[in-house]
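Here is the structure we will look at.
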Amino acid sequence: MITTITRTAILYFFVIIGIRLMGKRQIGDMQPSELVITLLISEIAAIPLQDVDQPVMNGIVAIFILVILEILISVLAMKNFFIRKIISGKSVVIIKNGEIDQDAMRKVRLTVLDLVELLRGQDVFDISTVSFAVLEVNGELSVLLKGGAKTVTADDMKLETQPVGLSMPVITDGKVVKESLSALKSDAAELDRYLKKENLQPEDVFLMTLDRYGNSSIVKKKEKGV
Amino acid sequence: MRRLLAAGILLAIIVVACIWGNVTVSDVCGKAADIAKDAEKECVSGDFGSAIASCERLSEYWKKHKRMVSFFVNHGDVEELSSRIKSLYVLAEEKDSAVFREKIREILHLLEKISGEQRFSPDIFI
């Protein structure tokens, strides 16, 4: 049993290192090669866990070789368009100037129902409002609506807007997040001033966000047992 | 670029570990095979006293290096070899020359298999 625990812990540690080395991406955002590598890593890590006769070293070496190959290929793909095309494929324009390119759909084996579903995923329920739709290499559909169907923006209306900064959590679950305060070039004294206005202590706050223009929002902690 | 550097360092570590594993396993298996061959020769010449001593030497040697070899080699093979070496010692004491030689050959075959798994071979494509 101790052997299993140790082997699992070792492999967990190395799988995390491998995945971290590959970079931060969610499953949905992965390129085809990244998805294959991730699936392979999970399969390879399982082998020494299931078969205790297999040396852990075999699993670790295989995981790292896959990670190294993935990094090398991603670097090569970044530098060279041809390699990128081979490894990741290329985006395909499905709707061009409001017209569905049926040949392109056949090429990527996309049915009309798939297209409608992907459009719905982009909050587009009327295909006639689409000017351009591009099927990206990760399988997502990027949509550009026709001018008349676009959401009106403040710029369209020529309205003046308040400056908006990145809102950061400065208190989470009663604890002050010092990294956020220093990123906002703020300090504990300024935070105290905000809290005093609301007659609160940091311990009473579940979440407090602040941006660099001083816009804040506070969610109070609920009392226990309520 | 930092990621590429990390990948390079990782590759270097893996290459060093693989070479080191290959050398260690080949070395341990080679020396164990030499001792086993000595025991076989002594058995053929009827010197069972020396054969028993060689078996003890082989057993000690394998016991000492087993853990290191297990780091790179299938644990099942390592355990099988350990149990065969133990049985070899019993056979030498019984002075059964024919069975003893057959067991030695099995051990040599297993050592060759363990050592061979670490080497690059075109057989991996078959």
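Each chain gets a letter, A, B and so on, in the order its sequence line appears, and its residues count up from 1. Keep in mind the model is a prediction, meaning the values are calculated, not measured.
Shown here for A/Pro55 and B/Ser70, the closest heavy-atom pair between the two residues is CB-O, 3.8 Å.
Within a 6.0 Å sphere centred on CD of A/Glu43, heavy atoms belonging to other residues, nucleotides or ligands number 12 at most. Remark: A/Tyr213 OH is packed, more than 12 non-hydrogen atoms of other residues, nucleotides or ligands lying under 6.0 Å away. Annotation: A/Arg212, atom CZ; neighbour count of heavy atoms from other residues, nucleotides and ligands within 6.0 Å does not exceed 12. Shown here is A/Lys178, whose NZ atom has no more than 12 heavy atoms of other residues, nucleotides or ligands within 6.0 Å. For B/Glu102, the CD atom is loosely surrounded, since the number of other residues' heavy atoms within 6.0 Å does not exceed 12. Surrounding CZ of B/Phe71 are at most 12 heavy atoms belonging to other residues, nucleotides or ligands under 6.0 Å away. No more than 12 heavy atoms of other residues, nucleotides or ligands lie within 6.0 Å of NZ in B/Lys41, so this atom counts as exposed by the packing criterion. Around the CD atom of A/Gln122, the shell of radius 6.0 Å holds more than 12 heavy atoms that belong to other residues, nucleotides or ligands.
In this structure, CE in A/Met57 is found 6.5 Å from SG in B/Cys18, a value given to the nearest 0.5 Å.
The contact list for residues 64-76 of chain A toward chain B, using heavy atoms and a distance under 4.5 Å, reads A/Phe64, A/Ile65, A/Ile68, A/Ile71, A/Leu72, A/Val75 by residue number.
The parts of B/Leu10 that come within reach of chain A are both its backbone and its side chain, each placing non-hydrogen atoms under 4.5 angstrom from that chain. With a 4.5 angstrom heavy-atom cutoff, B/Val78 does not touch chain A via any of its atoms.
Residues B/His75 and A/Val52 have side chains not in contact (no heavy-atom distance under 4.5 Å, counting atoms from C-beta outward).
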